[in-house]
Amino acid sequence: MAEAAADMAHVLVFPVPAQGHLNSFLHFSTGLLRAGLHVTFLHTDHNLRRLGAAAREAAAASPRLRFLSVPDGLPDDDPRALDGIPRLMETLRTTGGAAYRDLLASLRRRDGGADDGFPPVTCVVADGVMPFAWEIAEELGVPAIAYRTVSACSVLAYMSVPRLIELGELPFPEGGGDLDEPVRGVPGMESFLRRRDLPIECRSLTETHQDPLLKAVVAATARSRKARALMLNTTASLERSSLTHLAQEMRDVFAVGLLHAMFPAPAAATSLWRHDDGCTAWLDGHAERSVVYISLGSLTVISHEQFTEFLRGLVAAGYPFLWVLRPDMLGASQDDALREAVAAVGEDRALVVPWAPQRDVLRHRAVGCFLTHAGWNSTVEGVAEGVPLVCWPFFVDQQINSRFVGAVWRNGLDMKDVCERDVVERTVREAMESDEIRRSARALAEQVERDIADGGSSAMEFGRLVGFIKELSR
Ligand code: UDP
């Protein structure tokens, strides 16, 4: 009887409508489906329209998965780009939150609120930077878990911001002071964390001003103490110390990564851009570990000067390179000219694409290193494939992720805050040629493989999480 009820566990997952979050939630959903649970994946109307047939195909392939949507509160022609993130998060909370409340109220009814054979929603797993989503769920009597799609170390850093302020480590002295000064107030990181490794938004913090993104993430992190549990896409062996410290603050913590490696799902189902299909054929034509792959994720923007420094540095390093330049990354007016500048390097030596099938690229034998912005998904995708990383972090969690790459895991180098051509050339060369970095990257990948294999820490944690969800669903 109890088992029958548990089998009807039905999780509504609600990610932030941005690429990294969508991918991460899709892999998590795939794990839940494999465990026999039902999943309602809540998109925004805008994204669900943009995904179109790909989402419909993914749902058709699994009778226990459906995609529903709520408005994000922005006009349809809004670009939903980097500088609009705080506005999007606000309208998602207000307009989206109201629609989500109505939808969830109907989906938790006995008939599941829709005529498609799905049982009532019994649990919500909401993005850990959207506290409204799990707080509304609990108000409606649906137990809710917070899922932060970033590293445990970055969550711990955000959680420590009030303490850093208390200790006088934040704000930084006027003008930023020496960014290489150590930071002592983030537990477990005293020996290697510097001011420049904290989220970049800390640099503009003053007695009277706080960056809206920093403020929102710090507040969400504090509020996640109230969720039934915090779930993270990491492994015990990668982030043991941060996980131990977080466990002291949260009701429960589940380290269930690396989800993309445990539960691979077709990337197209949540990809907001169309993958360029030519990458693999181009890579096929290159020797083993001879190519540099460059991608700065879905949100980073770069200036014309930064583009030029990257390009000159890459050309000087002398390896063929595959470079993802999203159309919205450079500013439309410059886009064509910059693409032509890369094309001038020669088709054999350089391929530029608007969006790549990243996980396939990283798995390809020709890729020798990954120049990344150190977004958490990109970082763990590189870690899982044992590819050396060169990090050029842009914002939020990326500054601390890249510090872990360079100083803790040592599976790559951290270029933080500079992208001068000679630095690009030197770091790319070192990542391509250093046996030590390659060995560390390989060892890290093997360690993660053990974490996710049967009996490994993440596999056990995922089993414990499914049991926890079933228990909450009774
Ligand atoms: N990605 C991709 N193709 C690309 C660039 C990125 O499929 O050309 C995927 C990548 O595999 C990752 C996600 O987009 O899963 C980016 O997430 P991440 O956390 O690395 O960075 P964000 O976009 O959030 O800054």
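One is the number of the first residue; the rest follow in order along the sequence. First listed ligand is number 1; within each ligand, the first listed atom is number 1.
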Asks: Hey, which atoms in ligand 1 end up nearer than 4.0 Å to a heavy atom of S295?
Replies: 5 (C)

Asks: Name the one of F28, F25, F462 that satisfies ring pair (Phe, Tyr, Trp, His ring centres under 6.0 Å) with F263?
Replies: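 Looking at F28, F25, F462, the match for F263 under the ring pair (Phe, Tyr, Trp, His ring centres under 6.0 Å) is F462.
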
Asks: Of L362, N377, T379, which has the heavy atom at the shortest distance from atom 18 (P) of ligand 1?
Replies: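 Comparing heavy atoms across L362, N377, T379, the nearest one to atom 18 (P) of ligand 1 lies in N377.
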
Asks: Not counting sequence neighbours, which residues clear salt bridge (Lys or Arg N to Asp or Glu O under 4.0 Å) with D417? List them please.
Replies: R196, R203

Asks: In terms of residue, atom name and distance, what is the protein heavy atom nearest to atom 20 (O) of ligand 1?
Replies: S378 OG, 2.5 Å

Asks: State if A18 counts as touching ligand 1 under the rule of any non-hydrogen atom under 4.0 Å.
Replies: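 Checking ligand 1 against A18, which is what was asked, there is no heavy-atom contact under 4.0 Å.
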
Asks: Is R464 positioned over the aromatic face of F254, cation under 6.0 angstrom from the ring centre and no more than 45 degrees off axis?
Replies: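 Yes, R464 lies over the aromatic ring of F254.
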
Asks: Considering only heavy atoms of S298, which atoms of ligand 1 have at least one such atom less than 4.0 Å away?
Replies: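 With S298 as reference, the close atoms of ligand 1 come out as 22 (P), 23 (O).
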
Asks: Check this for me: does any side-chain nitrogen of one of D127 and R148 sit under 4.0 Å from a carboxylate oxygen of the other?
Replies: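 No, D127 and R148 are not salt-bridged.
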
Asks: Are E90 and R87 within salt-bridge range, i.e. N to O under 4.0 Å?
Replies: no

Asks: Output the list of atoms in ligand 1 that are nearer than 4.0 Å to some heavy atom of N23, sorted by atom number.
Replies: 9 (C), 12 (C), 13 (C), 14 (O), 15 (O)

Asks: State plainly whether the residues E425 and R429 are in salt-bridge range, i.e. N to O under 4.0 Å.
Replies: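 Salt bridge present between E425 and R429.
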
Asks: Take a 6.0 Å sphere around CG of D284 and say whether it holds more than 12 heavy atoms from other residues, nucleotides or ligands.
Replies: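 Check passes, neighbour count above 12.
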
Asks: Which of the atoms of ligand 1 are close to G297, meaning less than 4.0 Å from one of its heavy atoms?
Replies: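 Reading through ligand 1 atom by atom, the close ones are 23 (O).
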
Asks: Does some non-hydrogen atom of H260 fall short of 4.0 Å from ligand 1?
Replies: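 It does not; every heavy atom stays at 4.0 Å or beyond.
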
Asks: Side chain, backbone, both or neither: which part of W355 comes within less than 4.0 Å of ligand 1 when only heavy atoms are counted?
Replies: both

Asks: Give the atoms of ligand 1, by number and element, whose distance to some non-hydrogen atom of V324 is under 4.0 Å.
Replies: 8 (O)

Asks: When you measure from the heavy atoms of H275 to every atom of ligand 1, does any distance fall below 4.0 Å?
Replies: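 It does; at least one heavy atom falls under 4.0 Å.
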
Asks: Counting each atom of ligand 1 from 1 as listed, which ones have a heavy atom of W376 under 4.0 Å away?
Replies: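 Close to W376: 19 (O).
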
Asks: May I ask you to say whether R365 pairs ionically with E288, meaning some side-chain N is under 4.0 Å from a carboxylate O?
Replies: no

Asks: Looking at side-chain heavy atoms only, is the closest gap between W392 and F310 below 4.5 Å?
Replies: yes

Asks: Please list the nearest protein heavy atom to atom 8 (O) of ligand 1 with its residue and the distance rounded to 0.1 Å.
Replies: A356 N, 2.8 Å

Asks: For atom 22 (P) of ligand 1, state which one of H373, Q19, E381 supplies the nearest heavy atom.
Replies: H373

